[in-house]
Asker: 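Shown below is the structure under consideration.
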Number of protein chains: 4
Amino acid sequence: MKYSTGIETKRKIIDAAFQLMADKGFDAVSIDDIMTSIGRAKGSFYVHFKSKEELLYEVMRIRLDRGHGQMAEEILKELFKDNCNVRAILERVTAEVHVSSGEDYLTWAFAYYHLLTHSRKDEFVREWLETNADQWSAFLNMIVKRGQELGQIRTDVDTQTITNMCMGIVLGYDILFMFKPRIDVNEVYHIHDWMFISDPFSKNE
Amino acid sequence: MKYSTGIETKRKIIDAAFQLMADKGFDAVSIDDIMTSIGRAKGSFYVHFKSKEELLYEVMRIRLDRGHGQMAEEILKELFKDNCNVRAILERVTAEVHVSSGEDYLTWAFAYYHLLTHSRKDEFVREWLETNADQWSAFLNMIVKRGQELGQIRTDVDTQTITNMCMGIVLGYDILFMFKPRIDVNEVYHIHDWMFISDPFSKNE
Amino acid sequence: MKYSTGIETKRKIIDAAFQLMADKGFDAVSIDDIMTSIGRAKGSFYVHFKSKEELLYEVMRIRLDRGHGQMAEEILKELFKDNCNVRAILERVTAEVHVSSGEDYLTWAFAYYHLLTHSRKDEFVREWLETNADQWSAFLNMIVKRGQELGQIRTDVDTQTITNMCMGIVLGYDILFMFKPRIDVNEVYHIHDWMFISDPFSKNE
Amino acid sequence: MKYSTGIETKRKIIDAAFQLMADKGFDAVSIDDIMTSIGRAKGSFYVHFKSKEELLYEVMRIRLDRGHGQMAEEILKELFKDNCNVRAILERVTAEVHVSSGEDYLTWAFAYYHLLTHSRKDEFVREWLETNADQWSAFLNMIVKRGQELGQIRTDVDTQTITNMCMGIVLGYDILFMFKPRIDVNEVYHIHDWMFISDPFSKNE
DNA sequence: TATGAATGAGGCTTCATTCAT
DNA sequence: TATGAATGAAGCCTCATTCAT
C-alpha cells in the first residue's frame with residue numbers, strides 16, 4: 001500500500017497534526033513528527049500542503065470549528081414554534097459544543113486553546129477564531145432574545161450580557177476541565193437557573 | 001553603567017520574557033529576543049539563569065501567580081466575623097484576580113493561557129498550575145461554605161459545584177476577553193445572583 | 001489532446017528550459033518549473049529525458065550552438081573566388097552570430113553565459129564550449145588568412161591574433177549588451193577598420 | 001585558537017566564498033561548503049552574516065569591484081598635464097583591470113561572470129554591476145575625450161563608441177580567457193592602433 | 001505518453017547553550 | 001557581571017528522481 005490517494009494521506013496528516021498539536025502546540029510539532037506518525041517520509045508532506053501554515057489552517061477548519069455557523073438551520077425551526085421550550089433548546093445547543101469536539105474532549109480542548117494563544121501572532125487565525133466566536137455569540141443571542149420575548153428568560157439583564165454569561169461559563173468549564181479532567185461539565189447548565197424565570201418545563205421544579 | 005546589579009538585570013529579563021511570551025508563547029521567544037529587548041548580549045543570559053526552563057519557572061512564579069495562597073490571611077479575619085457580608089467579600093476576592101494581573105490584562109491573559117497550554121508537555125508547570133488552581137478553589141470553597149452556613153448562599157446545590165461555577169465564570173471571561181477585549185469583565189458578578197439568596201446587603205434589592 | 005507526440009513535448013521542454021535558464025541559471029530551474037510552464041506534470045519529464053543533465057545537453061545543442069561548424073560550406077565557395085571581398089564576407093559571418101541567436105538576443109546571451117559559468121563544474125559542457133569556440137576560431141582564422149593572402153588584411157600582426165581580436169570584440173559586446181541592452185552591437189564592425197588595409201570595397205571610404 | 005575576532009573569521013568566509021563561487025556559482029555553494037573549508041561549524045556562519053544573500057553582497061564589494069570609482073584621482077592629474085601621453089595612460093588603466101583582480105585571474109573571471117549571470121534574478125546585484133560598468137565607462141570616456149581634444153585620438157568616430165570598443169575588447173578577452181587560459185590578454189592593446197592617430201609615442205612606430 | 005504520490009538527501013536558518021576574555 | 005564567537009542539533013522546505021497506475 002505504498003501509493004494511496006492524495007485525499008487519504010492528506011486527511012491522515014490533518015488528524016495526526018491535530019493529535020500532536022494538542023500535546024505540544026502547533027509550533028512545537030515538527031513536520032517530521034507528523035509524517036513519521038503516519039508512516040510517511042518527511043518530504044512527502046509537501047505533496048499535500050504548500051506549507052506548515054497551510055496545514056494549521058486545514059486542521060483549524062476541519063477539526064477545531066465549533067460549528068455554530070451550520071448548526072442554526074435545524075434549531076431555528078424549533079425555536080420559532082409557538083409553544084417552544086427555550087431552555088430545552090439551549091441545553092441541546094450547549095451539549096452540542098462538547099459532542100462536536102469529538103471523541104476526546106481533552107485533546108480537543110488543548111488543541112483549541114493552543115490555537116487561541118497562537119492567534120496572537122497570526123492575524124488569519126485571530127480572525128477565524130473571532131468569526132467563530134461571533135457566530136456562536138450571535139446564535140446564542142438569538143435564542144436568548146426569543147426566550148425573553150416568550151417571557152421565559154429574565155429581562156432585567158440585557159440580552160447580550162446574558163449571552164456572554166452563557167458563553168463564558170462554557171468556556172470557563174473548558175479551562176477547568178483542562179486543570180481537572182474529572183470535573184463534570186454538565187454543571188454549566190446551572191447558569192440556566194439564573195437566566196430562566198421559573199417555568200413549568202424546568203427540571204429544577 | 002555597563003555592569004548593574006544582578007537582581008536588577010534578572011528582573012528585567014523576567015519582565016521582558018513575560019511581555020514577549022504573551023505574544024508568541026514561551027517556546028517561540030528566543031533568548032536573543034529577550035536579551036536584545038533589554039539591551040544586553042545573548043551570552044549574558046546565563047549569568048542570571050541556568051537555563052531557559054528556569055526562566056519560565058521564574059516568570060511563572062513572579063508574574064503569573066494568581067496569588068490565592070497569600071490572599072487568604074487578611075480576608076479570613078473578615079470572613080469569620082459574626083455579621084459578615086459574604087457577597088461583598090466574594091466580590092472583593094473576584095476583583096482581586098484582575099487587579100493582581102497588573103497593568104495590562106490582555107498581556108497577562110495571553111501569557112497565562114500560553115502557560116496553560118504549555119503545561120501539557122511540562123510536568124512541573126502542570127503541577128504548579130494545578131496547585132494554583134487548587135488554592136484558588138479551596139479559598140473560594142471556604143467562602144462559599146461560610147456563606148451557606150450563614151444562610152446567605154443557596155444550599156440546594158453542593159458547595160464544590162457552586163465554587164466551580166464561581167471559578168468557571170471568571171476563567172470564561174478571561175477567554176471571552178481574549179476574543180473581544182471590549183467586553184465588560186464585571187459581568188461575572190451576575191453569577192452571584194444565582195448563588196446568593198436575596199439578602200439585605202444585595203445591591204440588586 | 002492529453003497525449004501528444006513525444007517529439008512535440010520534448011521540444012517544448014527544451015524551449016521552456018532555455019527561456020527559464022536564461023533568467024535563473026540551469027541549476028536554479030527545477031523540473032517542476034519547466035513542466036508547469038508547459039502545462040504538464042512533473043513526473044512526465046522522465047518520459048522524455050533520462051535526467052536533468054541530459055536536458056541541459058539538449059538545450060545546449062539545440063539552442064546555444066553558435067553554429068560555425070555548419071556555416072562553413074556556403075561561405076567557403078565565396079571565399080575562394082578569385083576576386084572576393086573578404087571584408088564583406090567577414091561582416092556577413094559576424095552578423096550571423098546574432099541572427100542565429102534567434103528572436104531574443106538578451107535571453108540568448110544570458111543563457112549562453114550561464115552555460116559558460118556552468119562549464120566550470122561540468123567537464124562535458126566545458127569541452128562542448130571549447131569545441132564550439134575552436135570551430136568559430138578556426139573558421140575566422142581561415143577567413144583572415146585568405147584576407148592576408150589577398151592583401152586585403154594587414155600582415156604585420158599574426159593571423160591568430162587578428163582572429164582573437166575579431167572574436168574578442170564580438171564576445172565583449174555580448175557582455176556590454178547584458179549590462180546595457182541599448183547598446184548598438186553593430187559597433188563591432190569598427191574592428192575591421194583596424195584589420196583591413198584600406199580597400200576599394202570598404203564602406204568607410 | 002578556537003575563538004578568533006569576528007573580523008578575521010568574516011574575512012575568511014568572504015575569501016572562501018569567493019574561491020568556491022568561482023567554481024560552482026554562488027547558488028551552488030552551500031554554507032556548509034564554505035564553513036567546512038575554513039574549519040568552522042555551519043551554524044557559526046550566522047554569527048557573521050545575516051543571510052547568504054548578505055554574504056554575496058560582501059563578496060561582491062570586497063572581491064569583485066573593478067574599482068574604477070577610486071582609480072580616477074591619481075590618473076586625472078596626469079591626464080590634464082599639457083603634454084600628456086594619452087595612449088600610455090590608457091594602457092596603464094587597462095593593465096590595472098587585470099592587476100586589480102588579484103593573484104588568480106581565472107578565478108576572478110569565473111566569479112565575476114557568475115555574478116553577472118546571477119544579476120538577472122537579483123535586482124541589487126544588477127544595479128551594482130551597472131553602476132560599476134558605468135563608472136568604468138565614464139572613466140574611459142573621459143580619457144578618450146581628452147585624447148580627442150589633444151588630437152591624439154581619431155575624431156571621425158564618436159567618443160562613446162570608441163569607449164565602448166575599448167571596454168568591449170577587454171571584456172571579450174575575459175571570456176576568451178575563460179575558454180582558453182593560454183591566450184595573451186595583452187593583445188587587447190591592439191585596439192589602440194585603431195583609436196590613436198599615429199603619434200610619436202606609439203610603440204608601433 | 002502521462003500522472004501525481006512518495007522519497008531522501010541536502011540546503012538555509014534558528015536557537016539554546018558553552019566558553020574564553 | 002558582561003560579551004560575542006562558536007557549536008550542533010533540529011526545523012522548514014526544495015528538488016531530482018522513482019514508481020504504480
Side-chain angles (χ1 to χ4, degrees), chain A residues 1-10 27-35 39-53 55, chain B residues 1-10 27-35 39-53 55, chain C residues 1-10 27-35 39-53 55, chain D residues 1-10 27-35 39-53 55:
Chain A
M1 214 198 348
K2 202 179 168 193
Y3 285 73
S4 14
T5 52
I7 300 165
E8 211 178 301
T9 306
K10 190 166 181 173
D27 286 341
V29 174
S30 74
I31 304 282
D32 201 23
D33 287 344
I34 295 167
M35 297 309 282
R40 286 273 171 248
K42 187 177 16 170
S44 310
F45 176 83
Y46 293 89
V47 174
H48 305 285
F49 297 90
K50 257 202 342 260
S51 68
K52 198 186 174 191
E53 205 185 10
L55 168 62
Chain B
M1 212 196 349
K2 209 173 168 191
Y3 287 71
S4 21
T5 29
I7 300 165
E8 206 180 304
T9 306
K10 189 166 183 175
D27 286 341
V29 174
S30 72
I31 305 280
D32 202 23
D33 285 343
I34 296 167
M35 298 309 280
R40 285 266 170 267
K42 193 198 328 203
S44 311
F45 176 82
Y46 292 87
V47 173
H48 303 284
F49 297 89
K50 232 177 44 220
S51 69
K52 199 187 175 190
E53 207 185 9
L55 168 62
Chain C
M1 215 199 340
K2 208 172 167 192
Y3 286 70
S4 21
T5 29
I7 299 165
E8 206 180 305
T9 306
K10 189 166 182 175
D27 287 341
V29 174
S30 71
I31 305 282
D32 204 22
D33 285 344
I34 295 167
M35 298 309 281
R40 285 265 170 268
K42 193 200 326 204
S44 312
F45 176 83
Y46 291 87
V47 173
H48 304 283
F49 297 90
K50 233 176 45 219
S51 69
K52 198 187 174 190
E53 207 185 8
L55 168 62
Chain D
M1 217 203 341
K2 201 177 169 194
Y3 286 73
S4 15
T5 51
I7 301 164
E8 210 178 302
T9 306
K10 189 167 182 174
D27 286 340
V29 174
S30 73
I31 304 283
D32 201 24
D33 287 344
I34 296 168
M35 296 309 281
R40 286 272 172 250
K42 187 179 12 174
S44 309
F45 177 83
Y46 292 88
V47 175
H48 305 284
F49 296 90
K50 257 202 342 262
S51 67
K52 198 186 174 191
E53 204 184 11
L55 168 62

Asker: For DNA chain F, whose closest nucleotide is more 5', that of A28(C) or that of A28(A)?
Answerer: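 Comparing both residues, the 5'-ward one is A28(A).
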
Asker: Tell me: CZ of F49(C) to P of dA16(F), nearest whole Å?
Answerer: 14 Å

Asker: Roughly how far, to the nearest 0.5 Å, is CG of D32(A) from NZ of K42(A)?
Answerer: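 The CG atom of D32(A) is 5.0 Å from NZ of K42(A), to the nearest 0.5 Å.
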
Asker: Under 4.0 Å: is that the gap between some side-chain N or O of Y46(D) and OP1 or OP2 of dT14(E)?
Answerer: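 Looking at the OP1 and OP2 atoms of dT14(E), neither is under 4.0 Å from any side-chain N or O of Y46(D).
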
Asker: For dT7(E), which nucleotide in any strand shown is its Watson-Crick or wobble partner with both distances under 3.5 Å?
Answerer: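 Across all strands, the one nucleotide that pairs with dT7(E) is dA16(F).
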
Asker: In whole Å, I'd like the distance from the NZ atom of K50(A) to the C1' atom of dT14(F).
Answerer: 15 Å

Asker: Please determine whether a side-chain nitrogen or oxygen atom of K42(B) lies at a distance below 4.0 Å from atom OP1 or OP2 of dG4(F).
Answerer: no

Asker: Give the rounded distance in Å between these two atoms: CG of D27(D) and P of dT14(F).
Answerer: 15 Å

Asker: Between atom CD1 of I31(B) and atom OG of S44(B), what is the distance when rounded to the nearest 0.5 Å?
Answerer: 11.5 Å

Asker: Tell me the interatomic distance from I31(A), atom CD1, to dA9(F), atom P, rounded to whole angstroms.
Answerer: 21 Å

Asker: As an exercise, state the distance from OH of Y46(B) to NZ of K52(B), rounded to the nearest 0.5 Å.
Answerer: 8.5 Å

Asker: Once you round it to whole Å, what is the distance between P of dA6(F) and CD of E8(D)?
Answerer: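 Taking CD of E8(D) and P of dA6(F), I get 9 Å after rounding.
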
Asker: Rounded off to whole Å, could you give me the NE2-to-P distance for the H48(C) and dT17(F) pair?
Answerer: 16 Å

Asker: Going from CZ on F49(C) to NZ on K10(C), what distance comes out if it is rounded to the nearest 0.5 angstrom?
Answerer: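 The CZ atom of F49(C) sits 5.0 Å away from the NZ atom of K10(C).
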
Asker: Counting only side-chain nitrogens and oxygens, does S44(B) get under 4.0 Å of the OP1 or OP2 atom of dG4(F)?
Answerer: no

Asker: Report yes if at least one side-chain N or O of T9(B) is closer than 4.0 Å to OP1 or OP2 of dT1(F); otherwise report no.
Answerer: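 Answer no for this pair, as no side-chain N or O of T9(B) is under 4.0 Å from OP1 or OP2.
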
Asker: Checking contacts here: which listed nucleotide (dC12(F), dA6(F), dA16(E)) is nearest the side-chain heavy atoms of V47(D)?
Answerer: dA6(F)

Asker: Which residue, V29(A) or D33(C), contacts DNA chain F at a nucleotide closer to its 5' end, judged by nearest heavy atom?
Answerer: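 Taking each residue's closest nucleotide, the earlier one in sequence belongs to V29(A).
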
Asker: What is the distance from atom CZ of R40(B) to atom OG1 of T9(B), rounded to the nearest 0.5 Å?
Answerer: 5.5 Å

Asker: Between atom CG in D32(A) and atom P in dA9(F), what is the gap in whole Å?
Answerer: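 Roughly 15 Å, once rounded to whole Å.
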
Asker: Nearest nucleotide by nearest heavy atom, which residue falls closer to the 5' end of DNA chain E, G43(C) or G43(D)?
Answerer: G43(C)

Asker: Between F45(A) (CZ) and dT7(E) (P), how many Å, whole number?
Answerer: 14 Å

Asker: Look at S30(D) and dG10(E) and indicate whether a side-chain polar atom (N or O) is within less than 4.0 Å of OP1 or OP2.
Answerer: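 Looking at the OP1 and OP2 atoms of dG10(E), neither is under 4.0 Å from any side-chain N or O of S30(D).
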
Asker: Report the base-pairing partner of dA2(F) (Watson-Crick or G-U wobble, both distances below 3.5 angstrom), or none.
Answerer: dT21(E)

